[in-house]
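Reviewing the structure listed below.
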Protein chains: 2
Amino acid sequence: MKLKEAFELIKSNLGKKLVIVIGKCRVRYEGRATSKLSEGDRVLIIKGDGTFLVHQNSGMAAINYQGPGSVARAELNAFLRIISERKSKKLNERIDVDFSSVDFAGSFDLIDDKQISIYGSEKDLSNLLLQDLNIVESGLVPVQQESSFLKGRMDIVARDREGRLVVIELKRRQAEFSAVTQLKRYVEELEKRKNEKVRGILCAPGISKNALSMLEKSGLEFSKLDYAIEKEVIIKGLEKKQKTLDFY
Amino acid sequence: MKLKEAFELIKSNLGKKLVIVIGKCRVRYEGRATSKLSEGDRVLIIKGDGTFLVHQNSGMAAINYQGPGSVARAELNAFLRIISERKSKKLNERIDVDFSSVDFAGSFDLIDDKQISIYGSEKDLSNLLLQDLNIVESGLVPVQQESSFLKGRMDIVARDREGRLVVIELKRRQAEFSAVTQLKRYVEELEKRKNEKVRGILCAPGISKNALSMLEKSGLEFSKLDYAIEKEVIIKGLEKKQKTLDFY
DNA sequence: GCGATCAGCGGCACG
DNA sequence: CGTGCCGTTGATCGC
């Protein structure tokens, strides 16, 4: 495909349709960082909202990118240059893609107002647990959920069978140091606010050895959260199930 | 484009070339979570390494995805169904994309062995700072960089003009709670190890009000890092520059 | 708008 | 392989 042909197609569709260009190109980026990528075959996608993505033939992430709101334009000289700029008060960012040859260029009018629905997020697990905190510890009664204060946002607050306040921090994957310090912060803040002793329970499918050590040294507790997400979400601790058939 | 035509093209190129399919489809995902996305126009990209990306016409991130090593296959019935599976000991994941119509399907042999070079990462700033820690505070002398211990990895360790140990945690953007707790953890661990008082300096372009409050309450310090990355990296504190012309 | 946190985070580097 | 953590993180939700 001729560069000029690609240029015309891109020029007349940028900002309207989704544009795809595939070919041999170099890429430069300047903004929050600086990058260069010498010549090779890549896929360039420019979305209707300005999103600008340069993909190589491997890896999940775009090798160079610019978010929604960016403005793209094309220039034709020795190369077909496609530029994406994003300007804000604090920062200007720019990507230059120089195509020396184009294998394919096309534009597509994508009609799509649908939003994805995801089930199995931390919030979903939290809601499920809230229905029966006995899964975490017998006798726990929820006090409030996601209570926000200036120091952050707690997942679950409850009282144990002896009436003590308990903060529960939920993680959907292996817990690390950050989860421990996060929980510690909430516990300390809540103790100060309520002026009473507060327990902290980290509830996750696993925890690293060092994080566990730090957790215990801080007087906090770990509760293994055994869950599976298939056609239904199953928290194995107490055979707790929530059918998600209606989800489909 | 006929579904059968697209099917044949995809079938004969999956696992070899990069495949792109654009059309009206539904998407389901089951694995670490569960998701569904009802019918709309999307772009599907399957890379040579198995990476599987479903993009809508807006937003940077793929709405559904599967990483390298996934295996894709196609089936033709009432729909053109493209399936990507990723199996591991701990988890099986699967995406189903059902196309009811296809606007475009193509395969591309992308030759690209080039790697991106990026300048301006936290590590780069760290290296730059290490050349003259006076930028952070007059009299600082580096002891070590990126020293790992069981509790994490410290960016920079130095001694101040009075011989006290100083841990410097560097952030390339606005610092938050996590940066403070991270630094606090390092300082406490180093104090225990060395059995001496250790200072902690959080070095970032900015810090949130609450994080600063927590920092100060913890006896730690903040040092504003005024840097810009253009054709050269400039740390404004002491007019410290590093030319990066050779980077191009 | 800032701020705090989640994410199906991904990816990397080091033990 | 686990682990800690950075990322041009992005995306979301609350204030």
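Throughout, a chain's letter reflects where its sequence line sits, starting with A, and its residues are numbered from 1.
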- Note on the structure: Sorted by chain and residue number, the salt bridge (charged side-chain N to carboxylate O under 4.0 Å, His left out) partners of B:Glu75 (sequence neighbours excluded) come out as B:Arg73
For [N] and [X] - does any side-chain N or O of the residue sit under 4.0 Å from the phosphate oxygens OP1/OP2?
X: A:Arg185; N: C:dA4; value: no
X: B:Asn210; N: C:dA4; value: yes
X: A:Tyr65; N: C:dG10; value: no
X: A:Arg86; N: D:dT8; value: no
X: B:Ser178; N: C:dA4; value: no
X: B:Lys171; N: D:dC6; value: yes
X: A:Tyr227; N: C:dG8; value: no
X: A:Arg32; N: D:dG10; value: yes
X: B:Arg153; N: D:dC6; value: no
X: A:Gln182; N: C:dC6; value: yes
X: B:Ser121; N: D:dT8; value: no
X: B:Gln174; N: C:dG3; value: yes

- Message: Nearest to the side chain of A:Arg172, heavy atoms from C-beta on, is which of D:dT8, C:dC6, C:dA7?
- Response: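 Minimum distance to the A:Arg172 side chain belongs to C:dA7.
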- Message: Please compare A:Lys89 and A:Arg173 by the position of their nearest nucleotide in DNA chain C and report the one closer to 5'.
- Response: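 Counting from the 5' end, the first nearest nucleotide belongs to A:Lys89.
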- Mapping B:Ala33 and B:Glu176 to their closest nucleotides on DNA chain C, which lands nearer the 5' end? B:Glu176
Which whole-number value in Å describes the distance from [X] [atom1] to [N] [atom2]?
X: A:Lys90; N: C:dG1; atom1: NZ; atom2: P; answer: 13 Å
X: A:Ile229; N: C:dA7; atom1: CD1; atom2: P; answer: 10 Å
X: A:Leu183; N: C:dC6; atom1: CG; atom2: P; answer: 12 Å
X: B:Ile156; N: D:dC6; atom1: CD1; atom2: P; answer: 13 Å
X: A:Ile116; N: C:dC9; atom1: CD1; atom2: P; answer: 13 Å
X: A:Leu212; N: D:dT3; atom1: CG; atom2: P; answer: 11 Å
X: B:Tyr29; N: C:dA7; atom1: OH; atom2: C1'; answer: 11 Å
X: B:Leu125; N: D:dT8; atom1: CG; atom2: P; answer: 12 Å

Using a heavy-atom cut-off of 4.0 Å across all strands, would you classify [X] as base, sugar-phosphate, or nothing?
X: A:Gly120; answer: nothing
X: A:Lys209; answer: sugar-phosphate
X: A:Ile63; answer: base
X: A:Phe52; answer: nothing

Hey, are the side chains of [X] and [Y] touching, using non-hydrogen atoms and a 4.5 Å cut-off?
X: B:Glu216; Y: B:Leu220; value: no
X: B:Glu85; Y: B:Ser70; value: no
X: B:Ile83; Y: B:Ile95; value: no
X: A:Tyr186; Y: A:Glu169; value: yes
X: A:Leu140; Y: A:Ile168; value: yes

- Task: Identify, between A:Ile207 and A:Gln115, the residue whose nearest nucleotide on DNA chain D lies closer to the 5' end.
- Result: A:Ile207
- Same-atom distance (P) from D:dG4 to D:dT8, integer angstrom: 22 Å
- Task: Determine the Euclidean distance between corresponding P atoms of C:dG8 and C:dA4; express it in Å to zero decimal places.
- Result: 22 Å
- Indicate whether A:Phe177 forms a stack on D:dG4; treat it as stacked only if centroid distance is below 5.5 angstrom and interplanar angle below 30 degrees. no
- Within a radius of less than 6.0 Å around CD of B:Gln174, do more than 12 heavy atoms belonging to other residues, nucleotides or ligands occur?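 Check passes, neighbour count above 12.
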